[in-house]
Number of protein chains: 2
Amino acid sequence: MTSIERPASPRHTRQRAEIRQAVEEQEGFATAQEIHDRMRHDGSGVGLATVYRTLQGLAATGEVDAIRTPDGQVAYRTCSPGHHHHLICRSCGRTVEVSIPSLEAQVRALAAEQGFAEVEHALEFYGTCTECARA
Amino acid sequence: MTSIERPASPRHTRQRAEIRQAVEEQEGFATAQEIHDRMRHDGSGVGLATVYRTLQGLAATGEVDAIRTPDGQVAYRTCSPGHHHHLICRSCGRTVEVSIPSLEAQVRALAAEQGFAEVEHALEFYGTCTECARA
DNA sequence: TTGAAGATGAGAATGATTCCCATGAAGATT
DNA sequence: AATCTTCATGGGAATCATTCTCATCTTCAA
């Protein structure tokens, strides 16, 4: 198990605060690049590498949620705590958090049945919300 | 809706046959690069770009399943027809197909509830199989 | 057999993400 | 407040998977 060392408590820096705020302000999920672009547009001089690093850190501690979009990019969002999934609009990005308690039970059952341990899953839904369906 | 034109019926070529066979022979999921490497190792001279193109085509018609691994790469595998999910061993790659009928119903219900249309989902499970848990 | 539409392959191009490393800032210690 | 050690930053190079380009071959219908 080779895990990268990460300081117990990261330092409080201006950049880190700005990035955290940027993620909190956005509606749905956004990639590191999108967040970086928006910050730049808003006058911040934070570097792209820092945005990547910081978002990864925030995701590792669960402070933000990270998902992989269908085209392979990683997107971040501030979410409510606890296990949940997302229903994401393909065109506008609007995101609804949903939880499927019965799924979690089934997953455990399936895993046991097949003899698999430490089973994790990532489930996201992509659709078109009412607003966008109109246009 | 800009969809890339794809010929109704692709031509039958030696390369296409080789690639299809390579995917069928493998145990679990493999990336285009892995498949290409194995083919090369077995004496095939098929180009990497062709492997990528062909696998994409096969996935588009449902002849093979394509998933995105946790680290963002696309992996392919020959599967049984119909909607199903995968329980994949993180270390050895062994894959078990599973279906969760109740999930599909819940998805439709959730989508309707939130006013989302054309909802798609991708759900894969990653765990450690019995064999690998021992080692 | 022949021609046109497709397929192939080698390498260049792309694009997201990570790495490198010299410099700057945070936080603990006097 | 001054100092010091450690960690964070940022800019640009480096990676790496994937796609594109395009000249050259194949397939397959006529």
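What you are looking at is a predicted structure, and each value in this text was computed from that prediction instead of being measured. Throughout, a chain's letter reflects where its sequence line sits, starting with A, and its residues are numbered from 1.
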Short heteroatom pairs, N/O only, protein and nucleotides 14-17 of chain D, under 3.5 Å:
{"residue": "D/dA17", "atom": "O5'", "partner": "B/Gln33", "partner atom": "NE2", "Å": "3.3"}

Set of side-chain hydrogen bond (donor to acceptor under 3.5 Å, both in side chains) partners for B/Glu120, sequence neighbours left out: A/Arg90
Residues in side-chain hydrogen bond (donor to acceptor under 3.5 Å, both in side chains) with B/Arg40, at least two apart? none
In whole angstrom, what separates [X]'s [atom1] from [N]'s [atom2]?
X	N	atom1	atom2	result
B/Leu58	C/dA7	CG	C1'	14 Å
A/Leu55	D/dG10	CG	C1'	15 Å
A/Arg68	D/dT18	CZ	P	11 Å
B/Ile19	C/dA7	CD1	C1'	11 Å
B/His36	D/dT18	NE2	C1'	13 Å
B/Glu18	C/dT8	CD	C1'	12 Å
A/Leu48	C/dT17	CG	P	9 Å
A/Ile67	C/dA16	CD1	P	16 Å

Could you list all N or O pairs between the protein and nucleotides 23-30 of chain C that sit under 3.5 Å apart?
{"residue": "C/dG27", "atom": "OP1", "partner": "A/His12", "partner atom": "N", "Å": "3.4"}

Applying salt bridge (charged side-chain N to carboxylate O under 4.0 Å, His left out) between A/Arg77 and each of A/Glu27, A/Glu97, A/Glu24, report the one that passes. A/Glu97
On the 0 to 90° scale, with breaks at 30° and 60°, tag the A/His85-A/His121 ring pair as parallel, tilted or perpendicular. tilted
Between B/Gln56 and D/dT18, is there a contact of a side-chain N or O with OP1 or OP2 at under 4.0 Å? no
Distance test, side-chain N/O of B/Gln15 to OP1/OP2 of C/dA7, below 4.0 Å: no
Would B/Thr50 and B/Arg53 count as having a side-chain donor-acceptor pair, cut-off 3.5 Å? yes
Counting N and O atoms only, with roles assigned by atom type, does the side chain of A/Thr128 sit under 3.5 Å from a partner on the main chain of B/Glu118, one being a donor and the other an acceptor? no
Apart from A/Val64 itself, its cluster of hydrophobic side chains linked below 4.5 Å comprises A/Ile19, A/Val23, A/Ile35, A/Met39, A/Val46, A/Val51, A/Leu55, A/Leu58, A/Val74, A/Tyr76
With a cutoff of under 4.5 Å between side-chain heavy atoms, which Ile, Leu, Val, Met, Phe, Trp and Tyr residues group with A/Tyr52? A/Leu48
Test of understanding: clusters of I, L, V, M, F, W, Y form through side-chain heavy atoms closer than 4.5 Å, transitively. Do A/Tyr126 and A/Leu123 belong to the same one? no
Go through the N and O atoms of the side chain of B/Arg53 and the base of C/dG9, and report whether any donor-acceptor pair is under 3.5 Å. yes
